[in-house]
Amino acid sequence: MAPGKQPTMEELAERIIYSDRYSDDRFEYRHVILPKAMLKYIPKSYFSPDDSGLLRILEENEWRGIGITQSLGWEHFEVHAPEPHILLFRRPLPTKR
């Protein structure tokens with residue numbers, strides 16, 4: 001990126017950080033850290049209506065649409081309130097037979 005040029009959404013998506021996975025007895029979890037600059041490119045309709053600056057819980061098509069890439073089965077279930085650019089995801093662990 002050239003000095004002084006604003007990054008594009010695609011350039012910012014390349015800087016998304018994915019945590020290692022961790023689990024409890026029911027779910028596998030991971031958190032996704034968006035570049036802070038990405039928040040200003042995200043549609044206003046993706047934010048909580050209470051003007052807190054927090055993203056609401058996003059549907060799969062929405063989080064994929066902003067550049068988050070993960071395998072199937074993940075659901076966005078929480079936003080880390082002190083840091084609105086951190087999204088928490090989970091998916092059910094496979095059932096043991």
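Put simply, the side chain of L88 does not reach to within 4.5 Å of the side chain of V32, judged on heavy atoms. A heavy-atom distance below 4.5 Å is not found between the side chains of I17 and L34. Residues I33 and L87 fail the side-chain proximity criterion, which asks for heavy atoms closer than 4.5 Å. When side chains are defined from C-beta on, I66 counts as touching M9, because their heavy atoms get closer than 4.5 Å. With contacts defined as side-chain heavy-atom distances shorter than 4.5 Å, the pair R56/F47 does not qualify. Looking at K40 and I42, their side chains never come closer than 4.5 Å, going by heavy atoms from C-beta outward. For the pair R26 and L93, the minimum side-chain heavy-atom distance is 4.5 Å or more. Looking at I16 and M38, their side chains come closer than 4.5 Å, going by heavy atoms from C-beta outward.
Under 4.0 Å is where a charged nitrogen must lie from a carboxylate oxygen, and between E11 and K5 at least one such pair does. Between E75 and R90 there is a salt bridge, since at least one side-chain N of the basic residue sits less than 4.0 Å from a carboxylate O of the acidic one.
Using a 4.5 Å cut-off between side-chain heavy atoms of Ile, Leu, Val, Met, Phe, Trp and Tyr, with links allowed through other members, L58 and L54 fall into the same hydrophobic cluster. Linking ILVMFWY residues whenever their side-chain heavy atoms come closer than 4.5 Å, directly or via other members, places L39 and F89 in the same cluster.
No side-chain donor-acceptor contact under 3.5 Å links S23 to the backbone of E28. Judged purely by atom type and a 3.5 angstrom limit, Y29 has no side-chain atom pairing as donor or acceptor with the backbone of R91. Looking at H76, its side chain does come within 3.5 Å of a backbone N or O of E78 through a donor-acceptor pair. Checked by atom type and distance alone, the side chain of E83 never pairs as donor or acceptor with a backbone atom of H80 at under 3.5 Å.
Closest of all the heavy-atom pairs between G73 and P92 is O-CD, 4.3 Å. Scanning all heavy atoms of the two residues, the minimum distance from G67 to A13 falls at CA-CB, 4.1 Å. Of all heavy-atom pairs spanning L12 and P35, the tightest one is O-CG, 3.3 Å. In this structure, Y18 and I68 approach most closely via the heavy-atom pair OH-CA, 3.5 Å. A pairwise comparison of heavy atoms in S52 and S48 identifies OG-CB, 3.9 Å as the closest pair.
The ring of F27 has its center no closer than 6.0 angstrom to the ring center of F77. Centroid-to-centroid, the aromatic rings of W63 and Y46 stay 6.0 Å apart or farther.
Annotation: the span from E60 atom CD to Q70 atom CD amounts to 9.0 Å, rounded to 0.5 Å.
Taking the ring centre of W74 as origin, the terminal cationic atom of R30 falls inside the region bounded by 6.0 Å and 45° from the ring axis.
Within a 6.0 Å radius of CG in D50, more than 12 heavy atoms belonging to other residues, nucleotides or ligands are found. Within a 6.0 Å radius of CG in D51, other residues, nucleotides and ligands contribute 12 heavy atoms or fewer.
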